[in-house]
Q: 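Quick one: the structure is below, questions incoming.
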Amino acid sequence: MRALPLVLLTALLLVFPGCGSPRPGGRVLVLGLDGLDPRAVDLLVSEGKLPNFARLKREGTAGTLQSRQPLLSPVVWTTVATGKLPEQHGIGHFVSLDPSGREIPVTCTMRRVKALWNIASEAGKTVGVVGWWATWPPEPVRGFVMSDHTAYHFLFPQGETGGEAATTW
């Protein structure tokens with residue numbers, strides 16, 4: 001959890017410099033904050049304490065995620081990234097079993113369909129993905145991926161990263 005502020009800071013540094021005037025062809029930003037109560041954001045925006053969120057909501061599109069049970073982060077985030085239900089995309093929990101029967105965090109190799117960043121990359125668009133659930137090992141994209149294993153991962157014993165594969169692309 002100590003790396004969470006670093007991941008959030010990195011995401012913010014990548015997000016807010018791009019919030020200027022729209023370029024021809026437009027830009028798309030999908031900003032998701034796992035476990036954030038939208039009522040708390042609305043309250044803080046109304047109190048003037050989150051001016052950048054207020055601007056994002058005012059100049060973009062915002063909404064509250066409507067989901068189905070179980071509300072497990074890798075399942076929900078993979079559904080958002082693919083537009084497919086868990087039965088279609090293949091991510092159903094935080095963990096899966098490796099060939100030896102050991103529990104391991106789910107990986108992008110378990111996903112059965114393309115994610116937004118795959119589709120955009122194939123269309124010649126540059127993408128940036130930071131800390132999205134089930135993005136390890138990072139897939140080759142036109143841009144970059146900082147996988148969910150880049151920072152501390154609570155599903156691994158302390159200090160373990162999940163193998164020799166890189167954590168970024």
Q: If you compare all heavy atoms of R112 against all heavy atoms of Q88, which two are closest, and at what distance to 0.1 Å?
A: NE-O, 3.5 Å
Q: What pairs with K114 under salt bridge (Lys or Arg N to Asp or Glu O under 4.0 Å), at least two apart in sequence or on another chain?
A: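 Listed in chain order: E122.
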Q: Same cluster or not: V127 versus I119, using hydrophobic residues (I, L, V, M, F, W, Y) connected whenever any side-chain heavy atoms lie under 4.5 Å apart?
A: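 Shared cluster, no.
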Q: So, taking the atom named CG in L56 and the one named CG in L29, what distance separates them when rounded to the nearest 0.5 Å?
A: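 The distance works out to 6.5 Å.
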Q: Could you report the tightest heavy-atom contact between K84 and V113, atom names first, then the distance?
A: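 Taking every non-hydrogen atom into account, CG-CG2, 3.8 Å.
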Q: With the side chain counted from C-beta on, respond yes when F53 and L33 share a heavy-atom pair under 4.5 Å apart, and no when they do not.
A: yes
Q: Between E87 and R68, does any side-chain N to carboxylate O distance fall below 4.0 Å?
A: yes
Q: At their closest point, which heavy atom of A134 faces which heavy atom of T78, and how far apart are they?
A: CB-OG1, 4.0 Å
Q: How about L36 and V41: do any of their side-chain heavy atoms sit closer than 4.5 Å?
A: yes
Q: Do V129 and F144 have side chains that approach each other closer than 4.5 Å (heavy atoms only, starting at C-beta)?
A: no
Q: First locate atom NE2 of H149, then atom OG1 of T168, and finally report the distance between them rounded to the nearest 0.5 Å.
A: 13.0 Å
Q: Are T109 and P137 close enough that some pair of their side-chain heavy atoms sits under 4.5 Å apart?
A: yes
Q: Do R142 and N118 get their side chains close enough for a donor-acceptor pair, meaning under 3.5 Å?
A: no
Q: Partners of R58 by salt bridge (Lys or Arg N to Asp or Glu O under 4.0 Å), sequence neighbours excluded?
A: none
Q: Could you report the tightest heavy-atom contact between M110 and I104, atom names first, then the distance?
A: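 Closest heavy-atom pair between M110 and I104: CE-CD1, 3.9 Å.
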Q: Under 4.5 Å between side-chain heavy atoms, counting indirect links through other Ile/Leu/Val/Met/Phe/Trp/Tyr residues: same cluster for L71 and L85 or not?
A: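 Different clusters: L71 never reaches L85 through Ile, Leu, Val, Met, Phe, Trp or Tyr contacts under 4.5 Å.
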Q: For A115 versus T82, what's the shortest heavy-atom pair and its separation?
A: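 Distance-wise, the nearest heavy atoms are CA-CG2, 4.1 Å.
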Q: To the nearest 0.5 angstrom, please state how far the SG atom of C108 sits from the CD1 atom of I91.
A: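 Rounded to the nearest 0.5 Å, the SG-CD1 separation comes out at 8.5 Å.
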Q: Please list, chain by chain and in numerical order, all residues satisfying salt bridge (Lys or Arg N to Asp or Glu O under 4.0 Å) with D34, sequence neighbours excluded.
A: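 Scan of D34 (salt bridge (Lys or Arg N to Asp or Glu O under 4.0 Å), adjacent residues dropped) gives none.
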Q: Are L43 and V45 co-members of a hydrophobic cluster defined by side-chain heavy atoms under 4.5 Å apart?
A: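 V45 and L43: separate clusters.
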Q: Indicate whether the side chain of E139 and that of W117 have a donor and an acceptor atom separated by less than 3.5 Å.
A: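 On atom types as modelled, these side chains qualify, holding a pair under 3.5 Å.
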Q: Give me the atom names and distance for the closest heavy-atom approach of W133 to S73.
A: NE1-CB, 3.2 Å
Q: Please check if W136 and L97 belong to a single hydrophobic cluster, counting links between Ile, Leu, Val, Met, Phe, Trp and Tyr side chain heavy atoms closer than 4.5 Å.
A: no
